Structure formats: C-alpha cells, structure tokens
Amino acid sequence: MSSNSKKILILAGDGIGPEVMGEVKRTLGWFEKRRGTGFETEDGLVGGCSYDKYKTPLTDETMQKAIDADAVLLGAVGGPKWDNLPFADKPERGLLRLRKDMALFANLRPALVFDALAEASSLKTELVKGLDIMIVRELTGGVYFGQPRGIETLPNGERRGVNTQVYTTSEIQRVARVAFELARKRSNKLCSVEKANVMESGVLWREEVQKLGDTEYKDVQLSHMYADNCAMQLVRQPKQFDVIVTDNLFGDILSDCAAMLTGSLGMLPSASLGAADAGGKRKALYEPVHGSAPDIAGQGKANPLACLLSLSMMLRYSFNQDADADLLDKAASNVVAKGFRTGDIMAPGCTLVSTTQMGDEILKELDRLGA
C-alpha cells in the first residue's frame with residue numbers, strides 16, 4: 001500500500017449499519033478503480049456487536065485505530081437487543097467515547113433537499129425546493145457537559161435537578177472558526193444562534209463570534225439570531241439560511257428540526273470534526289443520521305444514500321477531494337431524480353429498489369458521469 005494512501009476505519013455497527021456500509025465499500029472501490037484514490041480501509045466493531053464479542057461497546061484497540069486513522073466511517077449503533085445493558089455498556093457509549101477521545105467538537109449537519117424529494121417534506125414544496133443548509137453544532141461543551149450537574153434533595157424534601165450551561169472563549173472560537181471556513185466555501189453567509197437576551201453564556205457566545213468575524217473573517221456576512229426565533233424561521237422561510245453555528249443544546253434541537261424539512265432521515269449525512277493539527281489535518285467521524293433501524297435490519301430495505309453522502313462529506317472535508325464529492329452528490333441526486341426509491345422515500349410512479357439495487361444505480365450513474 002502506498003505511503004500516500006488514506007487510512008479509513010470502517011465501523012459498520014449494528015442494525016442496518018452493515019447493509020448501508022456495504023454500499024459505501026462498493027463505492028470506495030469504484031473511486032479506487034476509476035479515480036485512482038488511494039484508500040486503505042480497515043474494519044472494526046462498535047456498539048452492540050462489539051459488546052457481544054468483547055463485552056464492551058468499544059475496545060481500547062479499536063479506539064486507538066480510530067485515533068490513528070485519517071477518517072472514520074460509522075454506520076449505526078444500538079437496538080432493542082441491548083436495551084437492558086448497564087448504562088456504561090450500552091451501544092451508544094461506544095459512539096460517545098469515539099467523539100470524546102477523538103476530541104470531535106464540531107458537528108456538521110447538512111439539511112439538503114433533492115428536487116425530486118421536495119414534495120416529501122411536511123412544508124410546502126416552494127419553501128424547501130433547493131434547500132441547502134449546513135448547521136454547525138458545538139459537540140463537547142455546554143449544558144450537556146457543564147459542572148455542577150446532578151439531582152439533589154433539598155432540606156425541605158424537594159428534589160432539584162441541576163445542569164450548567166458553560167462555554168469559554170476558546171470553545172466558542174474554535175467551533176465558530178469551522179463555521180466561518182465553511183461559509184467561505186459556500187455562500188459567505190453565517191448566522192450565529194444563541195439566547196443572548198436571557199443567558200450570559202449567550203452574551204459571551206455572541207460577543208466572541210462577532211469579535212472573530214471582525215478580526216479574521218470580514219469577508220463573511222455575519223448575522224445573529226435568538227434560538228427560538230431560528231426554530232420559527234426554519235419552518236417559516238428556511239432558505240434564508242446557509243450556514244448556522246450554535247451551541248450543543250440548541251444545535252441538537254435545530255439540526256433535528258432542519259432534518260425534517262427534507263422529508264426523510266434516510267437521506268441525511270453528518271460529520272464530526274476535531275481541531276486541525278500543524279499540517280491542517282483533523283480527526284473526523286462521518287455517519288448517517290438515521291440510526292440502526294432494527295425493524296428493517298437484514299431485509300435489504302435500508303436506504304444507503306445517507307451513508308453514501310457521509311462518504312461524500314469525508315471526501316470533501318477530510319481529503320479535499322471536492323470534485324469526487326461533487327461527483328458522488330450528483331450521482332445520488334440523479335438516481336433519485338430518475339425515480340429509484342427505497343421504501344422510506346417511495347412515492348407513486350417510482351421504482352422500489354433494495355439497498356443493493358440502490359447501490360447498483362449509484363455505481364451506474366457514477367460510470368455515466370465519470371466516463
């Protein structure tokens with residue numbers, strides 16, 4: 001294997017993970033053969049399948065391989081089979097450890113509407129057709145991790161739950177920097193979202209993002225919005241946004257809100273990025289949003305497009321292969337436009353296909369586009 005090869009750790013995981021990842025592997029093979037991309041792939045276990053074999057949702061060995069890799073591709077984790085495990089052994093703890101030990105602080109969640117699927121959205125077609133939003137969510141700070149936290153019993157017998165929303169200058173600036181850089185690659189427009197009207201952490205967030213914009217990103221059009229208004233605007237006029245940057249809690253809520261504008265979770269990829277090293281390389285984990293869908297696992301019904309679009313994000317953000325990413329995005333859009341559908345996006349007059357058949361159509365389209 002060439003020393004210039006890119007090391008990818010593939011963690012297919014549970015449920016439909018192995019099925020959708022199978023189509024990713026076929027597509028990686030196409031790029032290797034047709035575009036000369038040097039990928040060196042290795043498989044590992046995470047989640048329930050890891051617990052079944054090793055009695056832990058993520059082994060130290062696999063964790064180290066993830067840290068050493070140039071990028072990690074993950075399918076999905078979890079399922080009812082493991083619901084009764086102790087909290088520390090649940091499949092999701094493997095994913096959370098990956099994010100924590102790789103220090104992945106910026107979560108990228110696109111909300112992209114293919115024209116052919118615009119009618120699947122719960123919003124009017126004209127509001128979502130052509131929608132292309134990127135939400136950048138801070139992933140390792142804020143109210144989910146702040147101290148103090150917990151549940152206590154007060155002297156009067158009442159119970160009190162405490163969670164602390166806390167951010168530092170460096171935490172805010174590093175995720176804002178990712179968002180500004182993304183905005184430069186897109187439409188040079190960034191909206192920063194918080195609750196500066198009622199939260200001191202929001203005041204700090206707004207001030208630090210503005211300061212960064214004023215000093216390093218004067219070319220980017222920066223605006224600010226309160227989180228509750230942003231939620232309303234996403235369902236009122238979503239195409240006003242391009243890149244949104246926000247904290248952990250609001251990002252969790254707003255990215256799911258934006259996801260449903262697209263009509264199907266089966267179409268949505270995501271990326272989680274760490275800090276850039278001296279050479280500009282970042283730790284990175286790419287995964288579809290849809291989860292393990294245990295009800296259809298092993299039946300060939302899963303939609304592989306979200307996982308394939310996660311591969312596209314990997315090509316773009318880890319390896320700077322924008323032309324290859326554009327090619328894969330175009331292939332996915334064309335296949336859907338031609339009426340090929342898995343069950344989750346099926347519509348009258350379209351052709352129902354299996355997971356593998358959808359992969360076949362993607363490869364055919366790549367052949368056509370890449371000829």
Side-chain angles (χ1 to χ4, degrees), residues 47-48 51 56-58 77-80 82-107 109 135-176 178-179 191-211 224-235 244-260 265 270 272 274 285 287 289 291-292:
Y51 180 83
T56 176
L58 185 70
V77 297
W82 302 285
D83 280 351
N84 295 321
L85 288 177
F87 184 75
D89 294 329
K90 287 186 179 294
E92 294 76 13
R93 303 309 297 177
L95 173 56
L96 292 174
R97 184 182 173 192
L98 281 167
R99 289 175 177 170
K100 180 176 182 291
D101 287 12
M102 293 172 71
L104 306 175
F105 65 86
N107 181 234
R109 283 276 297 269
I135 295 182
V136 181
R137 168 191 172 191
E138 200 288 323
L139 202 57
T140 57
V143 75
Y144 291 172
F145 295 93
Q147 296 291 343
R149 62 183 297 154
I151 299 172
E152 60 184 346
T153 301
L154 301 176
N156 66 359
E158 281 193 331
R159 300 171 76 218
R160 179 169 66 184
V162 176
N163 291 91
T164 304
Q165 167 81 343
V166 57
Y167 274 106
T168 62
T169 296
S170 58
E171 288 176 319
I172 296 167
Q173 287 194 351
R174 68 181 184 176
V175 73
V178 169
C191 180
S192 176
V193 172
E194 26 59 17
K195 284 286 286 179
N197 54 337
V198 292
M199 297 169 68
E200 285 80 1
S201 60
V203 173
L204 180 70
W205 184 284
R206 181 175 291 216
E207 290 176 352
E208 293 298 339
V209 174
Q210 185 63 54
K211 194 184 304 179
H224 302 274
M225 190 176 285
Y226 298 143
D228 48 349
N229 185 32
C230 183
M232 181 180 75
Q233 296 296 334
L234 278 171
V235 295
I244 294 172
V245 63
T246 189
D247 73 11
N248 206 340
L249 173 62
F250 297 139
D252 194 356
I253 295 166
L254 294 174
S255 59
D256 277 4
C257 176
M260 285 319 300
L265 284 174
S270 76
S272 298
L285 171 72
E287 58 178 317
V289 172
S292 61

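Just so it is clear, the model here is predicted, and its values are computed rather than measured.
Residues Ala179 and Val245 come closest through the heavy atom pair CB-CB, 3.6 Å. Closest heavy-atom contact between Pro57 and Gly94: CB-N, 3.7 Å. The nearest pair of heavy atoms linking Ile135 to Ser255 is CD1-CA, 3.6 Å. The nearest pair of heavy atoms linking Ala259 to Arg109 is CB-NH2, 3.8 Å. Gly47 and Val77 make their closest contact through CA-CG1, 3.9 Å (heavy atoms, listed as atom of the first residue, atom of the second, distance). Taking every heavy atom of both residues into account, Gly79 and Ser292 meet most closely at N-OG, 4.2 Å.
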Before giving the answer on side-chain contact (heavy atoms from CB on, under 4.5 Å), spell out for Asn248 and Arg137 the whole-Å C-alpha distance, their side-chain angles and the decisive distance to 0.1 Å.
CA-CA 6 Å; Asn248 206 340; Arg137 168 191 172 191; 2.8 Å; yes
Does the side-chain contact (heavy atoms from CB on, under 4.5 Å) test come out yes or no for Trp205 and Val175, once each step is laid out?
CA-CA 11 Å; Trp205 184 284; Val175 73; 3.8 Å; yes
Evaluate Tyr51 against Trp82 for ring-ring contact (aromatic ring centres under 6.0 Å, His included), listing each step before the verdict.
CA-CA 9 Å; Tyr51 180 83; Trp82 302 285; 8.4 Å; no
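Side-chain contact check for Tyr144 and Asn163: no donor-acceptor pair (N or O, by modelled atom type) lies under 3.5 Å. Between the side chains of Asp247 and Gln165, a donor-acceptor pair is found at a separation under 3.5 Å. Between the side chains of Glu138 and Tyr167, a donor-acceptor pair is found at a separation under 3.5 Å.
Checked options Arg174, Glu171, Lys100; the residue passing with Thr140 is Arg174 (criterion: side chain to side chain donor-acceptor pair (under 3.5 Å)).
The closest side-chain heavy-atom distance from Val193 to Leu254 is below 4.5 Å. Taking the side chain as every heavy atom from C-beta outward, Val198 and Tyr226 never approach each other to under 4.5 Å. Contact annotation: the side chain of Leu95 approaches that of Glu287 to within less than 4.5 Å [non-hydrogen atoms, C-beta and beyond]. Between Val136 and Thr246 the shortest side-chain heavy-atom distance does not fall below 4.5 Å. Between Ile244 and Cys230, the closest side-chain pair of non-hydrogen atoms falls below 4.5 Å.
Pairs engaging residues 156-166 under the salt bridge (charged side-chain N to carboxylate O under 4.0 Å, His left out) rule: Glu152-Arg160 [sequence neighbours left out]. For residues 194-207, every residue pair satisfying the salt bridge (charged side-chain N to carboxylate O under 4.0 Å, His left out) rule, not counting sequence neighbours, is listed here: Glu194-Arg206, Lys195-Asp228.
Atoms NZ and CG, on Lys90 and Asp83 in that order, are 5.5 Å from each other to the nearest 0.5 Å. Atoms CG and CG, on Asp101 and Leu58 in that order, are 8.0 Å from each other to the nearest 0.5 Å.
The residues Glu92 and Arg97 are annotated as not salt-bridged, no charged nitrogen and carboxylate oxygen being separated by less than 4.0 angstrom.
With hydrogens and angles ignored, the 3.5 Å screen pairs no side-chain donor or acceptor of Ser272 with any backbone N or O of Leu104.
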